[in-house]
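Computation of the quantities below employed the complete heavy-atom set of this structure, encompassing side-chain atoms and omitting hydrogens, waters and symmetry-equivalent molecules.
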Amino acid sequence: MINLDLRQAIINNVRNNTKEQMKDVIEDSVGNEEKTLPGLGVLFELIWKEISAEEQSKLVDALHAKLQQMKPAAT
């Protein structure tokens with residue numbers, strides 16, 4: 001049985017991308033199939049670990065504000 005580390009697989013897949021390629025990966029993933037969400041999560045995690053508490057707070061504030069503007073999905 002193969003033990004696949006999803007985080008490492010995603011990192012290995014984009015590690016050598018140019019900045020333009022990284023932007024394309026993000027833009028192609030945003031708003032598309034849910035199967036791309038884990039990759040965005042790993043990329044977000046890499047950013048989150050490297051930014052200051054102040055920058056983290058700004059991201060949380062922006063996300064919270066956006067979520068408050070959204071209408072609840074019909075269930």
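In this view, L67 and L63, M70 satisfy the side chain to side chain contact (heavy atoms under 4.5 Å, CB included) rule, not counting sequence neighbours. For E33, the salt bridge (Lys or Arg N to Asp or Glu O under 4.0 Å) partners are K35, not counting sequence neighbours. Shown here are the side-chain hydrogen bond (donor to acceptor under 3.5 Å, both in side chains) partners of N12, two or more places apart in sequence or in another chain: Q8, R15. Applying the salt bridge (Lys or Arg N to Asp or Glu O under 4.0 Å) test to E34 and every residue at least two apart in sequence or in another chain returns nothing. By the side chain to side chain contact (heavy atoms under 4.5 Å, CB included) test, S29 is found to be paired with V25, T36, L40, residues two or more places apart in sequence or in another chain being considered. Looking at residues two or more places apart in sequence or on another chain, you find a side chain to side chain contact (heavy atoms under 4.5 Å, CB included) between E20 and T18, D24.
Both I11 and M22 are members of a single hydrophobic cluster when ILVMFWY side chains are connected at heavy-atom separations under 4.5 Å.
Screening residues 8-42 for ring pair (Phe, Tyr, Trp, His ring centres under 6.0 Å), with sequence neighbours left out, gives no hits. The list of side-chain hydrogen bond (donor to acceptor under 3.5 Å, both in side chains) pairs with a residue in residues 37-62, not counting sequence neighbours, reads R7-E45, S52-E55. Evaluation of the ring pair (Phe, Tyr, Trp, His ring centres under 6.0 Å) test over residues 14-35, restricted to residues two or more places apart or in two chains, returns none.
Here the rule is side-chain contact (heavy atoms from CB on, under 4.5 Å) with V14, and of V42, I26, L43, L46 only L43 fits it.
Contact record, P38 with L6: CB-CD2, 4.1 Å, taken as the closest heavy-atom pair.
Using a 4.5 Å heavy-atom threshold, the side chains of H64 and Q68 count as touching.
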